Amino acid sequence: MPISAKMLETLDRRRKTVLASGGEDKIKERNAKGLLTARQRLLELFQPGTFQEAGMHVEHSGEHFGMKGKVLPADGVIAGVGYIDGRPVAAFSQDFLVFGGSLGAKHAKKICDLQDYAAKAGIPLIGINDSGGARIQEGVMALSGYAQVFYRNVVLSGLVPQFSIIAGPCAGGAAYSPALTDFIIMTRKNAQMFICGPEVIKAATGQSATVDQFATAEAHATVSGNIHFVAEDDKHAIQIARKVLSFLPANNISDPPHHLPATIDMTEDPKINDLIPEDPKQPLDTAKVIERIVDGGEFVEVQRDFAKNIIVGFARIQGIVIGIIGSQSTQKAGTIDIDAADKAARFIRFCNCFNIPLVTLVDTGGFLPGLQQERGGIIRHGAKMLFAYSAATVPKITLIMRKAYGGAFIAMCCHDLGADAVYAWPSAEIAVMGAEGAAKILFKREITAAADPKAKEAELVADYREKFASPYQAAGAGLVTDVISPAQTRGILAMALRNSLTKRETRPPKKHGNIPL
Ligand code: HXC
């Protein structure tokens with residue numbers, strides 16, 4: 001049948017109806033509040049002219065509560081594929097102007113179809129969430145739709161990177177789709193995420209709680225640790241997603257986008273020495289070390305406001321994409337506590353899924369002592385780091401900058417957890433515990449019996465430090481690949497990473513390991 005003018009008019013009219021979703025006034029009102037519409041968000045996300053929409057003409061299947069005959073443009077979710085930095089990425093964006101972005105059966109099907117496509121094509125998936133949750137009029141079919149989305153989030157996990165942007169309400173079980181993805185970016189002002197809102201909490205427990213206490217980006221970034229990035233607004237959230245993607249491969253069987261130079265630059269950087277305090281009791285700012293050793297000082301920190309005693313994030317060293325895990329001794333002496341262990345373990349596992357080499361920077365006084373930590377399960381949580389590092393088969397390079405005591409020496413990827421190279425600065429102290437604590441336990445009797453116990457203690461502490469609190473005992477045992485000067489760090493790490501980029505390590509086949517959750 002030839003294409004008539006009428007056919008084209010119909011197509012044009014249908015398209016216009018969908019594109020005008022919400023109506024001019026509501027769109028203006030939204031923009032005036034500093035919020036983008038669902039469609040504007042996708043246009044902002046993708047390179048101009050590259051967004052290919054799927055399911056524009058999908059209609060809802062609701063039959064009850066006056067739904068029959070109602071027109072819901074695109075059934076409240078815009079889905080498709082576009083390009084970011086020249087690479088295809090799948091994305092959906094919930095349209096709050098259509099029934100509050102609520103999820104019905106067809107809305108869910110559009111998301112599921114996109115998830116299936118992302119899995120088959122091997123491309124990342126970004127979900128922009130702005131929704132009142134399950135569409136009440138569609139009852140159990142809406143719940144079923146959510147379950148189908150969750151199921152696919154899990155199928156996609158470890159296959160392609162998954163991002164969630166929370167740019168509006170994300171209430172009830174709906175929060176579990178973002179929680180099953182790799183990174184959650186949440187806008188500071190308009191977004192809320194919770195399982196039970198203040199009214200439900202009050203009714204069920206009698207407790208009064210405000211949304212600010214538990215559901216905002218600030219609360220999730222600092223207290224619950226549920227999210228990874230706080231964005232100032234929609235555009236910033238999109239910029240963050242694009243930036244993180246620039247370090248990631250499209251899928252688990254591709255390499256990350258390394259930019260490998262022809263030769264490795266071994267130029268020394270003596271300024272790094274200035275960062276190391278004379279007194280080992282003074283903290284060393286690992287963030288500043290990272291800034292000096294990575295390309296252009298560019299480090300994309302993940303979960304910056306949560307468990308600040310450990311730093312995790314992405315960077316490049318001489319073009320090689322890496323995931324950095326660094327103790328931060330400016331916070332809690334760089335000790336590993338429950339939150340730090342959770343944060344690090346999850347990040348390590350993400351990097352391992354997507355072939356991103358790990359660089360671990362160590363300056364830790366050990367696992368954080370305390371009743372709260374013991375009762376909170378530091379054994380189980382700390383074990384996650386041991387598990388994650390041991391299970392990781394990507395290149396693993398460790399640099400011991402200063403303290404590496406006890407279990408934390410092991411948990412920060414020592415040689416025996418499979419590190420491919422372990423470097424130590426001459427300032428490294430690798431021991432079962434700090435010299436003061438060790439001398440007090442080992443030489444208790446000598447110290448008490450001495451004429452001047454304080455002087456004796458100082459002498460024994462110095463003796464212990466000399467013998468054990470240095471890198472040379474570990475290096476002598478073959479547990480340190482080399483002791484290097486701090487100025488050599490960037491070149492040596494680049495060389496070690498480059499040497500191990502072709503690493504292949506296989507383990508006996510199994511369904512999956514059982515990480516202590
Ligand atoms: C159908 C919904 C809806 C929903 C909002 N709307 N949520 N329609 N199903 N779940 C509609 C409203 O009726 C309204 O329609 C429009 O969207 C905008 O909503 P408002 O309330 O006017 O906007 P606002 O004041 O900004 O409040 C937004 C809101 C609130 C906070 C999201 O609407 C709200 O609390 N909604 C219900 C949230 C909820 O309890 N959802 C179920 C969660 S349980 P009109 O026509 O007036 O413009 C759940 C289970 C998932 O999701 C389980 C998965 C396992």
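Read the numbers this way: they start at 1 and go in the same order the structure lists the ligands and their atoms. Worth saying up front: this structure is predicted, and the values here are computed from it rather than measured.
Thr364 places a side-chain N or O within donor-acceptor distance of the main-chain N or O of Gly334, the cut-off being under 3.5 Å. Put simply, the side chain of Asn309 never gets that close to the backbone of Gln331: no donor and acceptor are under 3.5 Å apart. A donor-acceptor pair under 3.5 Å links the side-chain atoms of Asn190 to the main chain of Ala167, judged by distance alone.
Under 4.0 Å from ligand 1, the heavy atoms of Ala171 that appear belong solely to its backbone. In Tyr176, neither the side chain nor the backbone holds a heavy atom less than 4.0 Å from any atom of ligand 1. When non-hydrogen atoms are compared, ligand 1 lies under 4.0 Å from neither the backbone nor the side chain of Leu103.
Taking the six-membered ring for Trp and the full ring otherwise, Tyr146 and Tyr176 have centroids separated by 6.0 Å or more. The ring of Phe299 has its center no closer than 6.0 angstrom to the ring center of Phe247.
With hydrogens and angles left out, the side-chain atoms of His107 and Asp75 include no donor and acceptor closer than 3.5 Å. Side-chain atoms of Asp420 and Ser500 form no donor-acceptor pair, as typed in the model, at a separation below 3.5 Å.
Nearest protein heavy-atom neighbour of atom 52 (O) of ligand 1: Ala134 N, 2.9 Å. The single protein non-hydrogen atom nearest to atom 55 (C) of ligand 1 is Phe150 CE1, 3.6 Å, given as residue, atom name and distance. The nearest protein atom to atom 44 (S) of ligand 1, hydrogens excluded, is given as Gly172 CA, 4.4 Å; this is a heavy-atom distance. Of the protein's non-hydrogen atoms, the one nearest atom 6 (N) of ligand 1 is Phe99 O, 3.7 Å. In this structure, atom 36 (N) of ligand 1 lies nearest to the protein heavy atom Gly132 O, 4.3 Å. Counting only heavy atoms of the protein, atom 1 (C) of ligand 1 lies nearest to Gln137 OE1, 3.2 Å. Atom 48 (O) of ligand 1 has as its closest protein heavy atom Lys26 NZ, 4.2 Å. Regarding atom 9 (N) of ligand 1, its nearest protein heavy-atom neighbour is Ile136 N, 3.1 Å.
Remark: atom 21 (O) of ligand 1 lies closer than 4.0 Å to no protein heavy atom. Counting only heavy atoms, the protein never gets under 4.0 Å from atom 40 (O) of ligand 1. Distance check for atom 31 (C) of ligand 1: every protein heavy atom is found at 4.0 Å or beyond. Distances from atom 15 (O) of ligand 1 to the protein include no heavy-atom value under 4.0 Å. For atom 4 (C) of ligand 1, the protein comes within 4.0 Å by at least one heavy atom.
The atoms of ligand 1 that sit less than 4.0 Å from any heavy atom of Pro169 are 32 (C). Atoms of ligand 1 found under 4.0 Å from any heavy atom of Gly133 (numbered from 1 in listed order, with element): 52 (O). Set against the non-hydrogen atoms of Gly100, the atoms of ligand 1 under 4.0 Å away are 11 (C), 16 (C), 17 (O).
Salt bridge status for Lys189 with Asp233: absent, with no side-chain N to carboxylate O gap under 4.0 Å. In summary, Asp342 and Lys384 engage in a salt bridge, as defined by a charged side-chain N under 4.0 Å from a carboxylate O. Using a 4.0 Å cut-off between charged nitrogen and carboxylate oxygen, Arg304 and Glu301 do not count as a salt-bridge pair. Looking at Asp116 and Lys120, no side-chain N of the basic residue comes within less than 4.0 Å of a carboxylate O on the acidic one, giving no salt bridge. Salt bridge present: Asp130 and Arg30 bring a charged side-chain N and a carboxylate O closer than 4.0 Å. Between Lys109 and Asp113, at least one side-chain N (NZ, or NE/NH1/NH2) sits under 4.0 Å from a carboxylate O, which counts as a salt bridge.
Contact annotation: Phe96 has at least one heavy atom less than 4.0 Å from an atom of ligand 1. Not a single heavy atom of Gln192 lies less than 4.0 angstrom from ligand 1.
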